[in-house]
Amino acid sequence: MTTSWTYWKNDLAKRLSDVLGGAVSPDDIVVPPDRSLGDFAFGCFKLAKAMGKSPADIAKEIASKMNFGQSDFTSASAAGPYVNFTLSVGEAVHRVVRDIEVLGEKYGSVETKKADELLLEFAQPNTHKEIHVGHLRNLVLGQALSNVLSAAGWKVVPMSYHGDVGAHVAKCLWWLGKGFRFQVSGFSVEQADKLLDQIPVERRTGKFLGEMYAEASRQLEANPEWKDEVSDVQRKLEAHDPAWEKLWRETRRWSLDEFATIFDDLGVKIARQYLESEVVDRGQEMVDHLLKQGVAKESQGAIVVDLEDKKLGVFLIRKSDGTSLYATKDLALAELKLKEYPKAERSLILVDNRQSFYFKQLFETLRMLELNPVPEFVGYEFVTLKSGAMSSREGNVVTYQDFRNEVISYSTEEVVKRHAEDKWNDGKIEHTAWCIAMAGMKFGMLKQDNDKVFTFDLEQALSFDGDTGPYCQYAATRLASILRKAGSTPSDSPFVRGREDEPLTRSFDHTSEKALALTLAQFPVKVAQAAEELRPSLVAQWCIDAAQRVNEFYRDVNVLESEGELKEGRLRLIAAARSALVAGLGLLAIPVPDEM
RNA sequence: GCGCCCGUAGCUCAGCUGGAUAGAGCGCUUCCCUGCGGAGGAAGAGGUCUGAUGUUCGAAUCAUCACGGGCGCACCA
């Protein structure tokens, strides 16, 4: 369905083509820098050359020839080299409200008959480590991307991938054993049971395992001679030694359970969870195969793929001690994905930009193996603290749990403060505070572009003033409040729908109404662009814009004091505005409370 | 040394497929609650868009080169 924004541009392009006797593309229709100039504009620069006249003269000529008749537009006027077009307030608002009422929660989404499949890998925290705010950017961005791409008509398969084997696990478990005074060699199943029994339930967390890992890294730094023990542990794990495997399975469960809880809380939805342990054996096989084919070769005891001729250096795919690397497993993962989803059109991998070189090497190798489609790298810059970059190896991280608790306690405090007299029950307070906390955290991470290093500042993250998620929620909430007072709100859903057959007035008369409607009209275009450019930040920016227009409308137009069909129309406008705003925030996986 | 990314207001960022006086938020200075909810709104101060050259009728936007900062570049992930 063609929604209003596109409809208007197409309409203007057609009328201009008629006047000029040549093709004008809708893409040539732009928006003036100042709303008082008009709602749309057409620059005459390109025509000037072809027609041999000055742009200003052409603009005047077009303005005088434009005849709108039956149309949403009321006037065209020349201003320098531009022709500006103005929409009728009544027609503009009418059309946008109708769009939203027809589409409801689908407003902004493309309807497709047969969606192409797109694999989206994100959410790659490793087991045996804690989740920190660096991971949060990936999780939040990934889920938003998943939503935005779905809205744009892709059949998205969101997938997670967890490093549950490899050096970091070996280090963690090695230190777990050593720290509890067990001998690494000759470690038995009974000893593994004994060790596990010694760890109290409340310590069976990712945080605890992360501390073990960080401590192991420190110990190895100080005592390099222990590296052989760690290699030994990793080899035993890869050989499925019963004792180490037991310890590994149990500790891994702690991590995976924790992930499930956190993903659920964040609204992260994964269709297929991959584990490195699923692909490690096949990865080693593929390395052998590559060796046989002559694609890979031995170098300093390790196995590498030489990519020097592509200016990508050498790609290490097996360590000299015979154990696997990230790359060993990634080769097999790529193969497995294609086996399970043979119809996939595209495959995206969302990872930290610092890994871009590695992924270029990986993709080049996949190309040599003819594993198509070769994935697309979607990068984002890392999250840093004022004190410096976070590293789980060094242990200077803000864990997600700590951050979340901080934000929740702050938002709870605010909610309680604002509703001291409203007799809200604990459940309502808790839910509202959770919605606001989610909005604060997620919006803060989504509103800026992926390629900006994100400096995490707790104080800033806790502020809900200005262009923040809670600001957008607040705008939607005030609209809901008006609807409630008018007694016309559907309590179960914020989305308007099914009123498109009821007559709607065209008597809207305020510029704030039109400004709001025009912003709402841009939503589908922004979503499409966000999907095309893989930038959910565009949707976040739109949400701020929409909330600002809502606040201006709120200031300028009193809905409940209007009368007759205009009041009814305005109620439908704000219901539509709320519906669109909730849809926009929904794409960012941000919930909107009824009240706040 | 080579490669990738960033450089726009005091701070955090939009704008970048070239076009009208460069926009927000925070902070700062003033206002606005007997008004549909002040997590809000209005106004003000604050800019050689890092610099240079080039392309163009036109450059924050494109190209090249500097400068500044960040991040990568084989047994970590």
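Per chain, numbering begins at 1; letters A, B, ... match sequence-line order.
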Taking CG from Asn551(A) and C1' from G35(B), how many angstroms apart are they, rounded to a whole number?
16 Å
Could you check Lys49(A) against Val304(A) and say which one's nearest nucleotide on RNA chain B is further toward the 5' end?
Lys49(A)
Just to confirm, is there a sub-4.0 Å distance from OP1 or OP2 of A39(B) to any side-chain nitrogen or oxygen of Arg418(A)?
yes
Is the NZ or CZ atom of Arg478(A) positioned over Tyr554(A)'s six-membered ring, under 6.0 angstrom from the centre and within 45° of the axis?
yes
So, Arg252(A) and Ser277(A): side-chain donor and acceptor under 3.5 Å apart, yes or no?
yes
Rounded to the nearest angstrom, tell me the gap between atom CD in Glu595(A) and atom C1' in G37(B).
10 Å
Measure CG/Leu362(A) against P/A77(B) and give the value in whole Å, please.
14 Å
Length of the CG-P vector between Leu307(A) and G72(B), whole Å
20 Å
Looking only at side-chain atoms of Lys360(A), point me to the closest of C4(B), A74(B), C5(B).
C4(B)
Is any side-chain nitrogen or oxygen of Tyr554(A) closer than 4.0 Å to OP1 or OP2 of G37(B)?
yes
Side chain of Glu276(A) - closest among A39(B), C73(B), A77(B):
A77(B)
With a 4.0 Å cut-off on heavy atoms, is Phe315(A) in touch with a base, just the backbone sugar-phosphate, or nothing at all?
nothing
When rounded to the nearest Å, what value does the distance between P atoms of A63(B) and G46(B) take?
34 Å
Ser481(A) vs G37(B): side-chain N/O to OP1/OP2 distance below 4.0 Å
yes
Specify the separation, in whole Å, of atom NE2 of His132(A) and atom P of A77(B).
15 Å
Is there a Watson-Crick or G-U wobble partner for G18(B) with both distances under 3.5 Å, and if so, which one is it?
none
CG of Asp321(A) versus P of A74(B): gap in Å, rounded?
17 Å
Test ring pair (Phe, Tyr, Trp, His ring centres under 6.0 Å) on Phe464(A) and Tyr474(A); report intermediate values, then the result.
CA-CA 10 Å; Phe464(A) 295 156; Tyr474(A) 183 63; over 10 Å; no
Between G37(B) atom C1' and Asn558(A) atom CG, what is the distance in whole Å?
13 Å
Only pairs with both distances under 3.5 Å count, Watson-Crick or wobble alike; so what is the partner of U56(B) in this structure?
none
Give the table of side-chain donor-acceptor pairs shorter than 3.5 Å for residues 563-571 of chain A, with sequence neighbours excluded, one pair per line with atom names and distance.
| residue | atom | partner | partner atom | Å |
| --- | --- | --- | --- | --- |
| Glu565(A) | OE2 | Thr505(A) | OG1 | 3.1 |
| Glu568(A) | OE2 | Arg499(A) | NH2 | 2.7 |
| Arg570(A) | NE | Glu513(A) | OE2 | 2.5 |
| Arg570(A) | NH1 | Ser562(A) | OG | 3.3 |
| Arg570(A) | NH2 | Asp509(A) | OD1 | 3.1 |
| Arg570(A) | NH2 | Glu513(A) | OE2 | 3.2 |

Residue mapping more 5' on RNA chain B - nearest nucleotide basis, Tyr471(A) or Lys329(A)
Tyr471(A)
Could you check how far CD of Glu552(A) sits from P of C32(B), rounded to whole Å?
21 Å
Tell me whether C33(B) sits syn or anti, counting syn as a glycosidic angle within 90° of 0.
syn
Go along nucleotides 11-27 of chain B 5' to 3' and tag each nucleotide: B for a protein heavy atom under 4.0 Å from its base, S when only backbone or sugar atoms are that close, - otherwise.
--SSS---BB---SSS-
Of all the choices, A39(B), C36(B), A74(B), which nucleotide is nearest to the side chain of Ile436(A) once you look at every atom?
A39(B)
Tell me, please, whether Phe382(A) has Arg354(A) positioned over its six-membered ring: NZ or CZ under 6.0 Å from the ring centre and within 45 degrees of its axis?
yes
G47(B) and C13(B), which share atom name C1', separated by this distance in whole Å:
15 Å
Check against ring pair (Phe, Tyr, Trp, His ring centres under 6.0 Å), Phe45(A) and Tyr82(A):
CA-CA 9 Å; Phe45(A) 306 97; Tyr82(A) 289 93; 5.5 Å; yes
Residue pairs fulfilling salt bridge (charged side-chain N to carboxylate O under 4.0 Å, His left out) with at least one residue in residues 299-309 of chain A, sequence neighbours excluded
Lys297(A)-Asp306(A)
G3(B) pairs with, by Watson-Crick or G-U criteria that keep both distances under 3.5 Å
C71(B)
